[in-house]
Amino acid sequence: MASAARSFTRALRTPAASSLKRSATFVPRTTFAQQARRGYADAAGAKKGGNGLLIGGLVAALAGGAGFYYMNGAEQVKAAGVFTPKQEDYQKVYDKIAQLLVEHDNYDDGSYGPVLVRLAWHASGTYDAETKTGGSNGATMRFPPEGDHGANAGLHAARDFLDPVKKEFPWITYSDLWTLAGVAAIQEMQGPKIPWRPGRIDRDVSYCTPDGRLPDASKEQKHLRAIFNRMGFNDQEIVALSGAHALGRCHTDRSGFSGPWTFSPTTLTNDYYKLLMEEKWAYKKWDGPKQFEDVSTKSLMMLPTDMALIKDKSFKSYVEKYAKDNDAFFKDFSNVVMKLFELGVPFETEERMTFKPSE
Ligand code: HEM
């Protein structure tokens, strides 16, 4: 209980984190179909721009006015992807996301950070190592079949949040942007640095993954292993990844579950493991799906899949380790999130970059 008390104090010291009350001002829901169409339109527009350059350039040269069309075309080529961005360009994208996180602090517990992490995870966690399908390459959640999967409910908020970033930096693919936003969100919520590399391409609707590839929170260890082993993760990695539930909350209008896992849902810490180990958890008495609440304050929650991590002996050994050692958690979390965000991507570069967090 001593260290749980410490996390209370920490939560109070962190202004955004301390407001567990839902001051949620939910962004208006754009229909997913619109979102998808927007994705298509961007891609098609960019391509058209590229061809337009060639044809436009020739016509203009013949007419003796090549200069103007050339200049105009150079920008179009940049938008079409011929522009080769460098680390400093990706850092600018990172900085923009960090700036928007600060500006839009009236969402949920004071940050879009958690829902951005969930977007990057759900984009990546569809990977099937055997068929090499799914994963963070493609950003196919833009399209209705995948965007409408029950597990993805509510993620339009994260995609809409990133729209102005995509408009300002049209050269970045949605799939690179979503994973970069996941990295930015983790780092800006005081998490470890996550090395990242670009190279994901956006794919069309035919690459949407079938429903059922993401975990079902009402299940237990057997299901967790089946889902995560399919992606290529072992027990230790499953437990390290689950520490992301220090962040954010469940929403009854999304998953049906309710409440946050920790007292500081906008700051990444190892509190998720500490609370799992130190608190008493009991079934919540309510009409909703089976979930657990902490006996002492009844304000926190655990999913059946979270509780499975302390029921299972092998999982529990890692929960104990991370509960005792935040540095060990941060080190393993950084490695496993890097791996998660790279699932299914045929990278051309071995080199990764790390981003400078905001001051
Ligand atoms: C182990 C299996 C997992 C299950 C069953 C699961 C299930 C869930 C559920 C039901 C929610 C609530 C969604 C809502 O109602 O808004 C949620 C939220 C969340 N999950 Fe997981 N999750 C799992 C693993 C992960 C992983 C691997 C990550 C990231 C590495 C992650 C990050 C998050 C975050 C940050 C939220 C909060 C989102 C918000 O506040 O809007 N989860 N998860």
Side-chain angles (χ1 to χ4, degrees), residues 16-17 20 22 24 26-27 107-127 136 149-159 161 178-179 181-183 185-186 188-189 191-192 194 212-231 233 235 237-262 264-269 272 276 288-292 301-309 312 315 318-319 329 332-343:
L20 275 172
R22 281 186 76 186
F26 287 103
V27 287
Y107 172 81
D108 251 8
D109 298 303
S111 176
Y112 271 92
V115 80
L116 290 182
V117 175
R118 187 166 164 250
L119 174 68
W121 136 238
H122 280 209
S124 312
T126 53
Y127 188 61
S136 70
H149 290 166
N152 291 331
L155 289 179
H156 64 90
R159 295 192 300 268
F161 174 89
W178 291 356
T179 49
V183 167
I186 290 167
E188 293 303 302
M189 291 188 287
I194 316 281
R213 287 201 176 180
L214 290 163
D216 175 348
S218 68
K219 303 236 166 93
E220 298 197 331
Q221 47 268 48
K222 195 169 159 228
H223 172 76
L224 281 181
R225 287 200 174 92
I227 293 279
F228 283 93
N229 292 351
R230 187 209 68 222
M231 294 177 223
F233 293 114
D235 282 8
E237 291 171 314
I238 295 172
V239 179
L241 279 171
S242 300
H245 282 173
L247 301 168
R249 59 167 56 246
C250 294
H251 306 79
T252 46
D253 59 340
R254 296 181 181 180
S255 59
F257 297 98
S258 174
W261 290 266
T262 65
S264 51
T266 61
T267 309
L268 187 66
T269 64
Y272 167 80
L276 263 177
K290 192 165 107 177
Q291 68 174 64
F292 296 80
M301 69 92 60
M302 289 288 166
L303 299 163
T305 40
D306 296 312
M307 292 306 286
L309 302 187
D312 184 275
F315 284 152
Y318 299 109
V319 175
F329 165 52
D332 288 356
F333 186 74
S334 173
N335 284 332
V336 76
V337 168
M338 183 184 83
K339 179 172 163 184
L340 173 72
F341 290 176
E342 295 192 349
L343 292 178

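Given the structure is predicted, the values throughout are model-derived calculations rather than measurements. Remember, it's 1-based here, ligands and their atoms both numbered in the order they're listed.
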D108, any N or O under 3.5 Å of ligand 1 N or O
no

Nearest non-hydrogen protein atom to atom 40 (O) of ligand 1, with distance, is R249 N, 3.0 Å

Classify the contact between F333 and ligand 1 as side chain, backbone, both or neither, using a heavy-atom distance cut-off of under 4.0 Å.
neither

Is there a side-chain contact between F333 and I186 in this structure, where contact means two heavy atoms from C-beta onward sitting under 4.5 Å apart?
yes

Just to confirm my output: which protein heavy-atom neighbour is closest to atom 9 (C) of ligand 1, and how far is it?
L303 CD1, 4.0 Å

Residue, atom name and distance, where the atom is the protein heavy atom closest to atom 30 (C) of ligand 1
A244 CB, 3.5 Å

V115 heavy atoms, cut-off 4.0 Å: which ligand 1 atoms fall inside?
41 (O)

Applying side chain to side chain contact (heavy atoms under 4.5 Å, CB included), run through M301 and W261 and close with a yes or a no.
CA-CA 5 Å; M301 69 92 60; W261 290 266; 3.7 Å; yes

Steps toward side chain to side chain contact (heavy atoms under 4.5 Å, CB included) verdict (D108, V115):
CA-CA 10 Å; D108 251 8; V115 80; over 6 Å; no

Using a 3.5 Å cut-off on N or O atoms only, is D216 in polar contact with ligand 1?
no

Does even one non-hydrogen atom of Y112 get within less than 4.0 Å of ligand 1?
no

Is there a side chain to side chain contact (heavy atoms under 4.5 Å, CB included) between Y318 and D332? Walk through the geometry before answering.
CA-CA 11 Å; Y318 299 109; D332 288 356; over 6 Å; no

Is any side-chain heavy atom of S258 less than 4.5 Å from a side-chain heavy atom of Q291?
yes

Looking only at non-hydrogen atoms, which of T252, L340, L241 approaches atom 27 (C) of ligand 1 most closely?
L241

among protein heavy atoms, the one nearest atom 10 (C) of ligand 1 is S255 CB, 3.7 Å

Measure across T267 and L247 and return the closest heavy-atom pair with its distance rounded to 0.1 Å.
C-CD2, 3.7 Å

Atom 28 (C) of ligand 1 has as its nearest protein heavy atom W121 CD1, 3.4 Å

Nearest heavy atom to atom 16 (O) of ligand 1, choosing from H223, M231, H251, M301, belongs to H251

Where do G182 and A120 come nearest, in terms of heavy atoms and distance?
CA-CB, 3.9 Å

Among all the protein's non-hydrogen atoms, which is closest to atom 38 (C) of ligand 1, and how far away is it?
R118 CD, 3.6 Å

Taking the non-hydrogen atoms of V337, is any one of them nearer than 4.0 angstrom to ligand 1?
no

Take W121 and L241 through the test side chain to side chain contact (heavy atoms under 4.5 Å, CB included) and record every step on the way to the result.
CA-CA 10 Å; W121 136 238; L241 279 171; 5.7 Å; no

Parallel, tilted or perpendicular: which one describes the rings of H245 and Y272, with boundaries at 30° and 60°?
perpendicular

Which ligand 1 atoms, with their elements, are less than 4.0 angstrom from a heavy-atom of F228?
1 (C), 2 (C)

Identify which of H245, Q291, R254 has a heavy atom lying nearest to atom 23 (C) of ligand 1.
H245

Return the closest protein heavy atom for atom 4 (C) of ligand 1 as residue, atom name and distance.
P215 CG, 3.8 Å

Considering only heavy atoms, which of L224, L214, T305 lies nearest to atom 1 (C) of ligand 1?
L224

Tell me: protein heavy atom nearest atom 12 (C) of ligand 1, and distance?
C250 SG, 3.4 Å

Validation row: H122, L155 side chains within 4.5 angstrom (heavy atoms)
yes

Report yes if some heavy atom in the side chain of D235 is under 4.5 Å from a heavy atom in the side chain of R225; otherwise report no.
yes

Quick one: does any side-chain atom of R230 pair with a main-chain N or O of R213 as donor and acceptor, under 3.5 Å?
yes

Nearest heavy atom to atom 35 (C) of ligand 1: which of G154, P114, G248, A158 does it belong to?
P114

